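Everything on this sheet refers to the single structure shown next.
Labels below follow one simple rule: chain letters A, B, ... track the order of the sequence lines, proteins then strands, and each chain is numbered from 1. Just so it is clear, the model here is predicted, and its values are computed rather than measured.
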Protein chains: 2
Amino acid sequence: MSANNTQFSIAIHLMAGLGYGVRADLTSTDLAGSVNACPSFVRRILSKLSKAGLVRTMRGKSGTCQLARAAGDITLLDIYEAVDAPKVFAVHSYPAQNLCPVSCGFKHMIDKVLENVQLSFEETLTKTTLADVIEEIKKGT
Amino acid sequence: MSANNTQFSIAIHLMAGLGYGVRADLTSTDLAGSVNACPSFVRRILSKLSKAGLVRTMRGKSGTCQLARAAGDITLLDIYEAVDAPKVFAVHSYPAQNLCPVSCGFKHMIDKVLENVQLSFEETLTKTTLADVIEEIKKGT
DNA sequence: ATATTTGTTACCCTAAAAGAAACAATTCCG
DNA sequence: CGGAATTGTTTCTTTTAGGGTAACAAATAT
């Protein structure tokens, strides 16, 4: 499993871990255990979440992480943006063939299509909050 | 540029090339010129489009490709499905940590979220047809 | 028959992303 | 003050998905 980008998914997992309620604050090692990834990688993602203001971290001895605000006030879009996950689809890049009208006009068109689709995707992400996610986890177990 | 999946984008390019109207039928080499990829790779994608019934191909000498139906009757979703492009986001896989409720319930939850988001994404793809795409290209040049 | 084209396979190369380790920066606590 | 523990950041390695390319089988027009 690699050469995809799973940081969005992992970030949701981390946030759910922090919001679940076992304990209010956890260390990167605690979280790494739940995700089954190495603490260093977890910290890289946590750092992004912290910079985005979704997580409050404390350095130093007995340093921990906790949610910066209520789970109901955090949407999946917040998390998606925090980790700077890839777009919904990738566009091939190529040197335009000047003789071919499709080749010349394609970039402009596909950028427009991607923008529309991306916006629509992000709109749907706003409809689910971290609280919904946590509730669904509790329901499923 | 690699380790992304650009086949959806390339497939749209190919379909636009076929539907643009320069000529009704083109060879994989013609199309490869427009996309600026090697003919072999283009054929791999064309083959998928053909199997999905979006493109009609003819083998042998003076073999060609053409759209199997009107551009207005082909949506972006048809193309997306034909090339079996990746989902809107990837989910990390990991062995569940039995002690942790989040770890145990996460998979179920994230699959559900992905399904919802994916369906919504695909719904928006149905709203754009190949004819729209071609028109947009013509407008842009 | 021959030439030309699609269809398919196989292999290589590249780049993205995860895994891991190291170390700096910070802070608690004795 | 000093040591221990934790986050933050960098660096390097490893893995792997996917594009690039070539080769060749299958098909068909001439």
- Message: Counting distance alone, no hydrogens or angles: does the base of D:dT21 have a donor or acceptor under 3.5 Å from a partner atom on the side chain of B:Arg44?
- Response: yes
Closer than 4.0 Å, any side-chain N/O of [X] to the OP1 or OP2 of [N]?
X	N	answer
B:Thr6	D:dG19	yes
A:Gln7	C:dA17	no
B:Ser40	D:dT21	no
B:Ser47	C:dT8	yes

- To 10°, what angle do the rotation axes through the five end pairs on each side of the helix from C:dA1-D:dT30 to C:dG30-D:dC1 form? 10°
- Message: Reading DNA chain C from 5' onward, which residue's closest nucleotide shows up sooner: B:Thr57 or A:Arg43?
- Response: B:Thr57
Tell me the interatomic distance from [X], atom [atom1], to [N], atom [atom2], rounded to whole angstroms.
X	N	atom1	atom2	result
A:Phe41	D:dT7	CZ	P	16 Å
A:Lys48	C:dA18	NZ	C1'	12 Å
B:Leu14	D:dG19	CG	P	12 Å
B:Asn36	D:dG19	CG	C1'	13 Å
A:Ile45	C:dA17	CD1	P	12 Å
A:Arg56	D:dT7	CZ	P	15 Å
B:Leu49	C:dT8	CG	C1'	16 Å
B:Ile10	D:dG18	CD1	P	12 Å

- Query: What pairs with B:Tyr80 under ring pair (Phe, Tyr, Trp, His ring centres under 6.0 Å), at least two apart in sequence or on another chain?
  - Reply: B:Phe8, B:Phe121
- Query: Is the shortest heavy-atom distance from the side chain of B:Asn36 to the side chain of A:Pro95 under 4.5 Å?
  - Reply: yes
Any idea which of [options] is nearest the [X] side chain?
X	options	result
B:Ser50	C:dA20, D:dT7, C:dG7	C:dG7
B:Cys65	C:dT6, C:dG19, D:dG20	C:dT6
B:Thr27	C:dT5, D:dA17, D:dG20	C:dT5

- Note: for A:Leu46 and B:Asn5 on DNA chain D, the residue whose nearest nucleotide lies more 5' is A:Leu46
- Message: Could you work out, with salt bridge (charged side-chain N to carboxylate O under 4.0 Å, His left out) as the rule, every residue matching B:Asp111, not counting sequence neighbours?
- Response: B:Lys107
Look only at the side chain of [X] and the backbone of [Y], and say whether a donor-acceptor pair between them is shorter than 3.5 Å.
X	Y	answer
A:Tyr94	A:Ser103	yes
A:Thr126	A:Glu123	yes
A:Asn116	A:Val113	no

- Validation row, ring centre B:Phe106 to ring centre B:His92 under 6.0 Å: yes
Collect all protein-nucleotide pairs involving nucleotides 28-30 of chain D in which both atoms are nitrogen or oxygen and the distance is under 3.5 Å.
from	atom 1	to	atom 2	distance (Å)
D:dT28	O2	B:Lys61	N	3.1
D:dA29	O4'	B:Lys61	O	3.4

- Task: Return each pair, listed once, that meets side chain to side chain donor-acceptor pair (under 3.5 Å) where at least one residue sits in residues 44-61 of chain B; pairs must be two or more places apart or across chains.
- Result: B:Gln7-B:Lys48
- Query: About how many Å separate CG of B:Leu54 and CG of B:Leu14, when rounded to the nearest 0.5 Å?
  - Reply: 11.5 Å
- Query: Which residues satisfy the side-chain hydrogen bond (donor to acceptor under 3.5 Å, both in side chains) test with A:Lys112, sequence neighbours excluded?
  - Reply: B:Glu136
